[in-house]
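Working notes, beginning with the structure itself.
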4 protein chains.
Amino acid sequence: MPTPPPSDRSGRGRPRNPQTHEAILGAARDLLRSQGYARFSIERVAADAGVSKASIYRRWPTKGALLLDLYMAGLPSDAIAADAPSLRDELHRYLLATIRRVNDEGWREILRSLVAEAQYDEGTARLMQDKVIRPRREAGLRLLHSAQRRKEIAADGDLELILDMLFGPLWYRLLFDHAPIDEDFASRLLELVLHALKSPRRAKG
Amino acid sequence: MPTPPPSDRSGRGRPRNPQTHEAILGAARDLLRSQGYARFSIERVAADAGVSKASIYRRWPTKGALLLDLYMAGLPSDAIAADAPSLRDELHRYLLATIRRVNDEGWREILRSLVAEAQYDEGTARLMQDKVIRPRREAGLRLLHSAQRRKEIAADGDLELILDMLFGPLWYRLLFDHAPIDEDFASRLLELVLHALKSPRRAKG
Amino acid sequence: MPTPPPSDRSGRGRPRNPQTHEAILGAARDLLRSQGYARFSIERVAADAGVSKASIYRRWPTKGALLLDLYMAGLPSDAIAADAPSLRDELHRYLLATIRRVNDEGWREILRSLVAEAQYDEGTARLMQDKVIRPRREAGLRLLHSAQRRKEIAADGDLELILDMLFGPLWYRLLFDHAPIDEDFASRLLELVLHALKSPRRAKG
Amino acid sequence: MPTPPPSDRSGRGRPRNPQTHEAILGAARDLLRSQGYARFSIERVAADAGVSKASIYRRWPTKGALLLDLYMAGLPSDAIAADAPSLRDELHRYLLATIRRVNDEGWREILRSLVAEAQYDEGTARLMQDKVIRPRREAGLRLLHSAQRRKEIAADGDLELILDMLFGPLWYRLLFDHAPIDEDFASRLLELVLHALKSPRRAKG
DNA sequence: TAATAAGCGAGACGGTACGTCATGTCTTACA
DNA sequence: TGTAAGACATGACGTACCGTCTCGCTTATTA
């Protein structure tokens with residue numbers, strides 16, 4: 001359930017047309033996929049969806065918020081599961097799912113757009129933080145903690161850094177496109193992450 | 001002197017005013033630092049520099065090219081040195097220099113802006129690739145190779161992935177700001193990278 | 001010379017295209033004539049003239065200012081001449097000219113639009129005062145004064161009121177359309193005005 | 001009782017709430033007085049009255065109709081009385097009453113708004129004609145006729161023009177604000193009108 | 001006493017226009 | 001002949017109203 005059309009006061013007034021909602025998201029998604037972020041504008045989305053601009057602004061205050069809902073709507077339930085029995089298997093599953101999604105041009109464009117938008121809209125940056133970055137990290141952290149409890153990994157690992165090491169390279173390749181994000185990359189990255197979990201933790205400072 | 005004011009045909013016509021060049025770069029830098037990428041526009045830069053827009057377009061074909069020159073102008077010679085005697089020392093030195101720069105608000109804004117711009121301008125993406133991403137990776141690669149030759153590290157490491165692991169987390173923290181990029185982060189990241197170099201390389205696929 | 005295209009700083013930069021100027025005025029005039037004030041918008045004028053909105057706003061700050069230039073451009077030199085030899089003849093000539101113009105649908109629409117616009121834009125109200133109302137009254141006043149000097153009329157007439165009596169009924173019929181503004185009306189109005197000039201001036205208060 | 005809330009089909013359905021009616025008129029009046037015609041919108045009136053837009057449109061088909069009701073509601077019984085014993089006294093009374101009303105900012109704004117609205121809404125123009133312009137003229141005409149019957153004035157005066165001369169200057173000063181509408185103006189205008197009634201009627205054409 | 005018919009506030013909806021801003025190109029005068 | 005100012009077409013921005021339309025109620029009248 002990604003984004004329930006949020007009406008402030010309960011059943012007052014004419015209810016929002018869910019088709020309008022879908023038409024906007026659909027048009028936005030198509031536009032992004034076909035033309036890229038450069039040609040993505042509220043104006044075009046409204047025209048393509050056969051909807052007034054006001055109907056978009058009524059639902060999403062900024063372009064970033066709309067992009068984020070595109071992201072949320074496309075998110076299946078393949079987030080990292082904290083209670084998975086095996087750390088390796090769960091991370092592997094997660095990486096494969098991520099790779100599949102990230103190699104879809106539409107999805108890739110959504111992520112790139114969100115990053116771009118977050119660089120100049122403070123609100124989008126916050127949203128991105130709250131809805132994309134932090135949730136993934138928290139799920140990852142829970143998974144690592146449960147692996148620690150199971151003694152699958154050492155208790156003293158630098159987990160925050162491990163997460164940077166897991167997600168950082170993904171974003172890095174996604175944004176700069178210097179190398180493919182494929183299964184081979186996933187496997188090697190996984191091994192490195194797991195190996196890193198065996199690294200002795202250095203004293204702080 | 002990263003970018004010499006390039007005049008196409010040599011001594012023909014009115015010579016470019018080097019002050020104009022500097023005024024533009026200066027105004028761009030100030031604007032970026034004070035207002036951020038959101039308020040950064042060729043229009044504003046021209047106005048602030050007291051220069052016509054055409055004078056900017058004559059020198060830089062796109063906003064991204066201008067941003068990139070801002071980046072180049074600010075780049076001292078602290079790139080990774082391929083011939084450094086110690087891998088650890090050289091990487092440490094590089095990371096500390098990077099951290100210092102990246103914590104300057106102006107510089108940070110330049111990098112964020114470049115990333116944003118690269119997401120919708122194909123040309124900027126290429127420039128970014130050629131002038132920022134690849135050079136750093138190549139220098140890193142040369143350093144790693146020389147360390148291999150010195151047997152400081154194993155000969156069969158997955159060096160590309162090592163570089164993702166070195167640069168990825170830096171960009172990740174820079175763009176999403178979920179955690180500081182400080183000396184502690186640098187040290188820990190360095191240890192992880194060095195530790196990873198000891199990881200046995202998995203068979204491909 | 002109704003409205004010289006005003007450029008602030010002298011000959012710097014690309015000069016304004018006089019054809020653009022004319023295209024805007026032409027499109028505005030046509031639109032007003034064909035669709036009336038109700039459908040008159042800067043948006044439409046720009047589209048019809050094949051010109052950008054900015055090019056209109058560069059020249060005229062408000063819709064009212066544009067309308068006023070339409071008025072000015074259409075104004076021939078048939079204003080009241082202060083030095084005419086005969087009051088009756090000059091007023092008659094002026095009234096006939098006015099009638100002719102006012103019975104042109106385009107011109108009528110310009111005047112109605114100006115009145116409407118002046119009711120909600122303070123600036124247009126002032127412009128209208130300065131460029132339409134006052135000049136006509138001042139010319140009328142000068143004519144009446146010169147008639148007084150010639151002893152064509154009494155020296156103690158209530159000239160301001162005479163002017164209200166001359167112009168008031170014209171606007172009244174123009175705006176509310178309850179009766180035609182034709183030559184008969186002009187002649188009768190003229191007689192009444194001239195007759196009124198013979199009225200003994202009442203003591204004030 | 002100027003405008004009885006008109007329900008089409010007799011007593012079917014829930015009767016209209018008279019408080020809603022009053023709230024709308026009140027809010028409209030206040031808004032007009034405080035912000036002027038420029039900021040007068042159905043949207044604002046509805047919001048200020050705490051009423052839905054539909055409730056306004058149910059009662060008044062256009063903005064002009066609402067404005068006209070504001071006018072009607074404010075109209076006391078000081079219209080010109082056809083059967084007054086003295087033309088001069090009745091006109092004087094009428095002018096003084098008019099002056100008083102017209103110098104009230106709220107009332108002035110209603111009249112200006114009606115004029116503006118009538119310039120682009122055909123329906124409002126007709127309403128204005130039927131409810132404002134013609135009634136006043138007809139009452140004036142009846143008064144003049146009865147004065148003729150009493151031989152107070154000549155039988156062959158150009159009465160239509162006399163009415164233009166009476167009302168025209170009032171609207172003219174009201175709309176363009178070039179001079180005050182005060183008691184002095186009223187007295188002088190009255191004298192001129194009465195004087196004009198003694199003017200020999202010119203042959204037509 | 002139930003059905004029916006309107007009234008009502010809230011608010012969604014497709015439109016249209018507003019006035020501003022930025023883009024990248026162009027035209028002219030000036031050096 | 002190149003530089004510089006600024007006009008230009010294009011097109012997006014976010015806001016405000018327009019008049020219409022649901023929606024879930026409430027309030028009368030009529031059957």
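Chain A is the first sequence line, chain B the second, and so forth, proteins listed ahead of strands; every chain is numbered from 1. Basis for what follows: all heavy atoms, side chains included, without hydrogens, waters or symmetry-related copies. What you are looking at is a predicted structure, and each value in this text was computed from that prediction instead of being measured.
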Seminar exercise, completed: In D:Lys63, D:Glu109, D:Glu117, the residue satisfying side chain to side chain donor-acceptor pair (under 3.5 Å) with D:Tyr37 is D:Glu117
Exercise. Starting at CG of C:Asp48 and ending at P of F:dA9, how long is that distance when rounded to a whole Å?
Worked result: 14 Å
Problem set entry | Spacing between B:Ile56 atom CD1 and F:dT3 atom P, to the nearest angstrom | 14 Å
Seminar exercise, completed: Rounded to 10°, the angle between the first-five-pair and last-five-pair axes of the helix from E:dT1-F:dA31 to E:dA31-F:dT1 is 10°
Exercise. If you measure only the distance, is there a donor-acceptor pair under 3.5 Å linking the side chains of C:Arg16 and C:His21?
Worked result: no
For this session: Can you tell me the distance, in whole Å, between the OH atom of C:Tyr57 and the P atom of E:dC21?
Result: 13 Å
For this session: Looking only at side-chain atoms of A:Arg16, point me to the closest of E:dG24, F:dC8, E:dC13.
Result: E:dC13
For this session: Could you check if a side-chain atom of C:Leu66 sits within less than 4.5 angstrom of a side-chain atom of C:Arg59, using non-hydrogen atoms only?
Result: no
Exercise. Given atom CG of B:Leu66 and atom P of E:dT23, what is their separation to the nearest angstrom?
Worked result: 11 Å
Heteroatom pairs (N/O) under 3.5 angstrom, protein to nucleotides 21-24 of chain F:
from: F:dC21; atom 1: O2; to: A:Arg14; atom 2: NH1; distance (Å): 2.9

For this session: Using atom types as modelled and distance alone, determine if a side-chain donor or acceptor of C:Glu22 lies under 3.5 Å from a backbone N or O of C:Pro18.
Result: no
Exercise. Of A:Thr20 and D:Ser55, whose nearest nucleotide on DNA chain E comes first from the 5' end?
Worked result: D:Ser55
Exercise. Does any residue of residues 33-44 of chain D have a heavy atom under 4.0 Å from DNA chain E, and if so, which ones, in number order?
Worked result: none
Exercise. Which nucleotide in the list F:dA9, E:dG7, E:dG9 gets nearest to the side chain of C:Val51?
Worked result: F:dA9
Exercise. Does C:Ser52 put a side-chain nitrogen or oxygen below 4.0 Å from OP1 or OP2 of F:dA9?
Worked result: yes
Problem set entry | D:Trp60 CH2 to E:dG7 C1', straight-line distance once rounded to whole Å | 14 Å
Problem set entry | Qualifying residue, where the test is side chain to side chain contact (heavy atoms under 4.5 Å, CB included) with B:Leu127 and the options are B:Leu67, B:Asp121, B:Leu68, B:Leu114 | B:Leu68
For this session: Kindly point out which of F:dA7, E:dC13, E:dG7 is positioned nearest to the side chain of D:Arg58?
Result: E:dG7
